[in-house]
Amino acid sequence: MLAYPVSTPQGPPRIWAVILNELVLAGRPCADWWQLYRPRFETSGQVTVLGSGVPGDLIQLGPYDRETADFIRGHLIEHDVPQGAVKIRRWKAKP
């Protein structure tokens with residue numbers, strides 16, 4: 001007799017955020033592009049400021065599924081945002 005695999009219940013879906021350190025962008029050409037692009041995220045309620053600084057903020061973008069978070073991170077990197085300035089982590093509703 002063949003054994004059939006038992007399905008295991010999956011946990012709740014994971015929700016992801018993109019963390020962007022705008023301080024790293026200061027003085028780089030990508031900073032100008034980002035300052036024009038950021039309002040798109042703000043008007044949709046996807047920006048949470050985690051910390052403030054003079055030339056920029058540490059922000060959390062999201063919430064997203066993993067595929068969308070990867071896309072946004074890749075999009076930022078394609079526009080010359082340094083890889084070290086943008087990370088993906090689990091979403092925190094109250095950072």
Do the side chain of R66 and the main chain of W16 share a donor and acceptor less than 3.5 angstrom apart?
->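 Absent.
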
Is a donor on one side and an acceptor on the other found under 3.5 Å between the side chain of T68 and the backbone of Y64?
->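 The answer is no, because no donor-acceptor pair under 3.5 Å joins these two groups.
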
Do F71 and F41 belong to the same hydrophobic cluster, where Ile, Leu, Val, Met, Phe, Trp and Tyr are linked whenever their side-chain heavy atoms lie under 4.5 Å apart, directly or via other members?
->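 The answer is yes; both residues are in one hydrophobic cluster.
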
Measure the shortest side-chain to side-chain distance between [X] and [Y] over non-hydrogen atoms and say whether it is less than 4.5 angstrom.
{"X": "I59", "Y": "T48", "result": "no"}
{"X": "Q46", "Y": "P63", "result": "no"}
{"X": "I15", "Y": "D65", "result": "no"}
{"X": "Q60", "Y": "W91", "result": "yes"}

Given the side-chain rings of H75 and W33, with only the six-membered ring counted for Trp, is the space between their centroids under 6.0 Å?
->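 Yes: the rings meet the under 6.0 Å criterion.
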
Measuring from N21:CG to L58:CG, what's the distance to the nearest 0.5 Å?
->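 Here the rounded value is 5.5 Å.
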
Can you tell me how far CD1 of I19 sits from CG of L61, rounded to the nearest 0.5 angstrom?
->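 Here the rounded value is 7.5 Å.
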
Which residues satisfy the salt bridge (Lys or Arg N to Asp or Glu O under 4.0 Å) test with R38, sequence neighbours excluded?
->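 R38 satisfies salt bridge (Lys or Arg N to Asp or Glu O under 4.0 Å) with E22, E42, D57 once adjacent residues are dropped.
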
Determine the minimum heavy-atom distance between P82 and L25, stating which atoms define it.
->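 Shortest heavy-atom separation between P82 and L25 comes out as CD-CD2, 3.8 Å.
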
Sole candidate of L76, I77, V81, V24 that passes side chain to side chain contact (heavy atoms under 4.5 Å, CB included) when paired with C30 =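 The passing option is V81.
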
